[in-house]
Amino acid sequence: MPGSADPLLELLRGEVLDVAPRLLGATLRHTTAEGTVAVRLSEVEAYDGPNDPGSHAYRGQTARNGVMFGPPGRLYVYFTYGMHFCCNVVVGPPGRASAVLLRAGEVTEGAELARVRRSRSTDRDLARGPARLCQALAIGRAHDGSDLTSGPLTLTPGEPPRTPATGPRVGLRLAAEWPWRFWVEGDPTVSAYRRSPRAS
DNA sequence: CCTACGATCGTCT
DNA sequence: GACGATCGTAGGT
């Protein structure tokens, strides 16, 4: 029978718009020599490869976005604004190039270590925003392409909300109004909405 | 609470 | 040469 025994890969097989809200409540956990930090996701965004003007894959494969075109269950990490990293989970079959941006969550394990990594942050803001989340978890360029089903960096599906909130994506110039952002209603760790100054 | 702005550099045109 | 799937700070309401 088809079907992987791995519940994460089972989930990531679906269409990105179905998968994204189901990743709410999942836990991303990273163990390093310093210790373990875990974040339970409260906010994500869907990106649908070549069909999506807001996606890094919209203009096809490049050196940067290569991981998006690979198998599901890997982490796509990119560097932006000359100083920040953000991370996505690759979704769907190889070549589809769809992914879910992990935008925010609550630190549920290793808060002490996360506070060291983000020394001026309140607990609420430790992973409130995609670059903050990567900083709290010490995710960087070295983790681009990481397999999330095993190893030091794992994603474990959890209990998604019955009715996730949806709305426009944050910070995009193109296709920002597509309601492809999903979050847990009322969760204080959801990031503040910011419209791009260049949005059309 | 809000809006405005500068930092800083890899990536693509 | 332009532009970010951002963040922290500064200042006003």
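Quick caveat, the model's predicted, so the values are computed rather than measured. Every chain is numbered from 1 and lettered A, B, ... according to where its sequence line falls, protein lines coming before strand lines.
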Notebook entry, point to check: Under a 4.5 Å cut-off applied to non-hydrogen side-chain atoms, are A/Pro72 and A/Val91 in contact?
Noted result: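 No. Closest side-chain heavy atoms not under 4.5 Å.
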
Note to self: Quick check: do A/Val89 and A/Leu101 have side-chain heavy atoms less than 4.5 Å from each other?
What the structure shows: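 When only atoms from C-beta onward are counted, A/Leu101 and A/Val89 do not touch, as no gap falls below 4.5 Å.
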
Next item on the list: Report yes or no: is the cationic atom of A/Arg169 (NZ for Lys, CZ for Arg) closer than 6.0 Å to the six-membered ring centre of A/Tyr47, at no more than 45° off its axis?
Entry: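 Yes, A/Arg169 sits over the ring of A/Tyr47.
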
Next item on the list: Determine, for A/Phe79 and A/Arg141, whether the Lys NZ or Arg CZ falls below 6.0 Å from the six-membered ring centre while staying within 45 degrees of the axis.
Entry: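 Output yes; distance and angle both within limits.
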
Next item on the list: Only counting residues at least two apart or in another chain, list the ones meeting side chain to side chain contact (heavy atoms under 4.5 Å, CB included) with A/Arg132.
Entry: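 A/Arg118, A/Asp125, A/Arg128.
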
Item checked: Qualifying residues under side chain to side chain contact (heavy atoms under 4.5 Å, CB included), relative to A/Pro71, sequence neighbours excluded ->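 Counting only residues at least two positions away or on another chain, A/Pro71 forms a side chain to side chain contact (heavy atoms under 4.5 Å, CB included) with A/Arg74, A/Pro94.
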
Notebook entry, point to check: Taking both distances under 3.5 Å as the test for a Watson-Crick or G-U pair, what stems of at least three pairs does DNA chain C have?
Noted result: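 The stems that DNA chain C takes part in, listed by first number, are B:1-7 with C:6-12, B:9-12 with C:1-4.
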
If you restrict it to nitrogen or oxygen atoms, what contacts under 3.5 Å exist between nucleotides 11-13 of chain B and the protein, and what is each distance?
residue: B/dC12; atom: OP1; partner: A/Thr62; partner atom: OG1; Å: 2.2

Output yes when a side-chain donor or acceptor of [X] lies under 3.5 Å from a complementary backbone atom of [Y], and no otherwise.
{"X": "A/Arg115", "Y": "A/Asp123", "value": "no"}
{"X": "A/Arg117", "Y": "A/Ala136", "value": "yes"}
{"X": "A/Glu43", "Y": "A/Ser191", "value": "yes"}

Please write out the pairs of protein N or O atoms and N or O atoms of nucleotides 11-13 of chain C separated by less than 3.5 Å, giving the distance to one decimal.
none

Does [X] have more than 12 heavy atoms from other residues, nucleotides or ligands lying within 6.0 Å of its [atom1]?
{"X": "A/Glu109", "atom1": "CD", "answer": "yes"}
{"X": "A/Phe69", "atom1": "CZ", "answer": "yes"}
{"X": "A/Arg22", "atom1": "CZ", "answer": "no"}

Protein-nucleotides 1-8 of chain B N/O pairs under 3.5 Å:
residue: B/dT8; atom: O2; partner: A/Tyr81; partner atom: O; Å: 2.4

Notebook entry, point to check: Could you give the NE2-to-C1' distance, from A/His56 to B/dG10, as a whole number of Å?
Noted result: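 Rounded to the whole Å, the gap is 12 Å.
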
Check: Given the rule that I, L, V, M, F, W and Y join up when any side-chain heavy atoms are under 4.5 Å apart, are A/Leu137 and A/Leu24 in one cluster?
Finding: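 Yes, A/Leu137 connects to A/Leu24 through the hydrophobic network.
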
Item checked: Most 5' of A/Leu172 and A/Arg132 on DNA chain C, judged by nearest nucleotide ->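 That would be A/Leu172.
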
Next item on the list: Classify the nucleic acid contact of A/Gly171 as base, sugar-phosphate or nothing, counting any heavy atom under 4.0 Å across all strands shown.
Entry: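 Sugar-phosphate: the residue A/Gly171, judged by heavy atoms under 4.0 Å, touches backbone atoms but no base.
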
Note to self: Using a 4.0 Å heavy-atom cut-off, does A/Arg195 contact any base of the nucleic acid, only the sugar-phosphate backbone, or nothing at all?
What the structure shows: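 Touches nothing.
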
